[in-house]
Amino acid sequence: MKVLVIGGGGREHAVCQKLSQSPRVTQLLCAPGNAGIAQVARCVPEVKATDIDAIVALAKREAADFVCVTPDDPLALGCVDRLEAEGIPAFGPGAYAAQMESSKIFSKNLMRKYGIPTAQSESFENMDAALAYVRAQGAPIVVKADGLALGKGVVVAKTVEEAEQAVTDMMQGGKFGKSGARVLIEECMTGREVTVLCFCDGKTIVPMRASQDHKRAFDGDMGPNTGGMGAFAPSPLYTKEIAEETERRILLPTLHAMNAEGFTFKGVLYVGLMLTADGPKVVEYNARFGDPETQAVLPLLESDLMEIMIAVREQRLSELCVRWKDGAAACIVLASGGYPGKYESGKVISGLEEAERLGATVYHAGTRREGERYVTAGGRVLGVTATGDTLADAVSGAYAAARAIHFDGVHMRSDIGSRDL
Ligand code: AMP
Ligand code: GLY
């Protein structure tokens with residue numbers, strides 16, 4: 001099969017690498033891809049992941065047999081619907097189902113209607129009403145822009161003033177454009193966070209190994225939120241009991257709710273959980289693989305990812321037994337100095353071969369090739385993943401390899417996984 005993957009980050013590198021190992025995949029393309037993905041797939045840098053017309057045209061021109069749509073934007077823009085309408089099989093939810101991620105109010109209403117545990121909340125289109133609600137509720141309180149906002153549309157406000165500022169920024173400041181026209185104001189939950197990525201074909205939901213992300217920029221969960229500074233799997237917090245409770249109270253009810261609402265979710269459903277004193281609750285759904293969780297989860301997948309994707313699309317997931325390797329994986333993100341704020345690009349990267357010689361896999365997120373060299377070309381530059389018998393082995397292996405890599409201003413957290421070791 002000739003397979004086209006849409007996207008160009010570390011997550012897509014992990015997806016492409018896994019697909020390249022499938023005996024079913026004879027040719028692999030990635031648009032736009034990146035310098036690391038180019039090691040396993042033919043990249044098409046001129047086709048951007050948000051340009052649906054160009055993606056459809058590329059899939060037709062290349063006579064792709066299957067397209068995997070990985071990032072949130074093209075999913076929300078209906079990329080899968082468009083491809084399927086052209087007769088091109090595609091992996092991922094259609095635009096309607098992708099609202100599980102692209103509208104926080106849509107997914108909140110679904111959770112409320114079907115009794116799925118999540119934070120109490122109210123949605124607002126009117127700023128004065130939102131402000132009044134914030135003042136009445138008091139702090140801490142969480143303010144969320146309704147739409148996609150590159151992971152930056154959530155403010156966990158410690159004071160009423162901070163929450164008021166967030167509401168004003170989103171609804172009046174136009175900081176998030178249309179995404180902020182409606183806001184959701186939520187009760188602030190406390191607890192540890194776990195990510196459960198699930199394969200879902202609309203009939204069956206199959207959780208992958210649970211993982212944990214590290215969203216803050218600095219050690220000890222300090223500093224600004226980022227796209228994710230590291231991840232590991234499986235999560236030791238996600239015990240058998242919690243997994244059982246999550247399936248019974250969240251995963252199966254979510255599948256039921258989507259069907260009862262008359263839509264079919266095919267793809268990866270990302271269930272972000274908070275383990276509260278009252279049990280696991282949903283923080284958010286995403287309609288796709290997580291980044292960097294995927295770089296820690298897919299290395300543990302023993303089954304053929306291509307086979308799973310085909311089965312999901314054909315709603316035959318129940319016929320498969322998705323198998324996992326024993327052991328653990330950890331991914332350390334190497335970022336440009338200053339990220340998630342301003343940073344410089346074009347720094348020469350050294351030590352990539354040494355890191356791989358140490359047994360790690362280096363996933364590229366923001367890199368560019370200049371002749372024989374790789375240079376930095378983004379905020380998150382690389383994700384270095386190692387596997388091991390235990391979480392401690394995986395973490396120490398990943399750090400040994402990550403520390404072999406250097407570029408000017410390189411920044412990584414030094415405590416990925418440490419709280420759970
Ligand atoms: P989200 O984009 O919805 O994942 O939110 C980003 C982060 O904000 C989450 O990973 C949580 O750490 C935090 N967060 C979101 N909603 C809540 C909530 N209701 N209570 C506490 N923290 C939250
Ligand atoms: N790691 C968080 C996300 O993918 O949304």
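Just so you know, ligand 1 is whichever comes first in the structure, and atom 1 is the first atom listed for that ligand.
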| Check: Ala119 N/O within less than 3.5 Å of ligand 1 N/O | no

| task | Give me the ring orientation class for Tyr133 and Phe124: parallel if the planes are under 30° apart, tilted from 30 to 60°, perpendicular past 60°. | result | tilted

| field | Interfacing atoms of ligand 1 (cut-off 4.0 Å, heavy-atom, Lys144) | value | 3 (O), 15 (C), 16 (N)

| remark: Any heavy atom of Glu193 under 4.0 Å from ligand 1? The part involved is side chain

| query | Distance from Asp278 atom CG to Met189 atom CE, nearest 0.5 Å? | reply | 10.5 Å

| request: Considering the heavy atoms of Met274, write down every atom of ligand 1 situated less than 4.0 Å from one of them. | output: 21 (C), 22 (N)

| said: If we only consider heavy atoms of Cys188, is any one of them less than 4.0 Å away from an atom in ligand 1? | reply: yes

| query | Is the Tyr96 ring parallel, tilted or perpendicular to the Phe106 ring (thresholds 30°, 60°)? | reply | perpendicular

| query | When you check the side-chain N and O atoms of Ser235 and Gln212, is any donor under 3.5 Å from an acceptor? | reply | yes

| query | To the nearest 0.5 Å, what is the distance between CG (Leu58) and CD1 (Ile6)? | reply | 6.5 Å

| said: Quick check on contacts: which atoms of ligand 1 are under 4.0 angstrom from a heavy atom of Glu187? | reply: 18 (C), 19 (N), 20 (N)

| field | Atoms in ligand 2 with a heavy atom of Tyr270 nearer than 4.0 Å | value | 1 (N), 2 (C), 3 (C), 4 (O)

| Heavy atom of the protein closest to atom 5 (O) of ligand 2 (residue, atom name, distance) | Arg288 NH2, 2.9 Å

| said: Need the ligand 1 atom indices (1-based, order shown) with element for anything under 4.0 Å from a heavy-atom of Lys104. | reply: 2 (O), 3 (O)

| query | What about Glu293: any of its N or O atoms under 3.5 Å from an N or O on ligand 2? | reply | yes

| Considering only heavy atoms, does Phe289 approach ligand 2 within less than 4.0 Å through its side chain, its backbone, both, or neither? | neither

| About how many Å separate OG1 of Thr254 and CD1 of Ile116, when rounded to the nearest 0.5 Å? | 3.5 Å

| message | Taking ring-ring contact (aromatic ring centres under 6.0 Å, His included) as the definition, give me every residue that meets it alongside His214, ordered by chain and number, with sequence neighbours left out. | response | Phe232

| So does Asp221 pair up with Arg413, basic N to acidic O under 4.0 Å? | yes

| request: Establish, from distance only, whether the side-chain atoms of Tyr343 and Thr376 form a donor-acceptor pair under 3.5 Å. | output: no

| Ion pair Glu186/Lys108, N-O distance below 4.0 Å | yes

| said: Once you restrict to heavy atoms under 4.0 Å, what part of Asn286 touches ligand 2? Side chain, backbone, both or neither. | reply: side chain

| Close-contact set for ligand 1 against Lys215 heavy atoms, below 4.0 Å | 10 (O)

| field | Element-labelled atoms of ligand 2 that are located less than 4.0 Å from some non-hydrogen atom of Gly290 | value | 4 (O)

| task | Give yes or no for whether the N/O distance cutoff of 3.5 Å, strictly under, is met between Glu284 and ligand 2. | result | no

| request: Give a yes or no on whether the backbone of Tyr339 and the side-chain of Ser336 come within a donor-acceptor separation of less than 3.5 Å. | output: no

| task | Number the atoms of ligand 2 from 1 as they appear, then name those within less than 4.0 Å of a heavy atom of Asp213, with their elements. | result | 1 (N), 2 (C)

| request: Under 4.0 Å from a heavy atom of Val154: give me the atoms of ligand 1 that qualify, with their elements. | output: 1 (P), 2 (O), 3 (O), 5 (O), 8 (O), 15 (C)

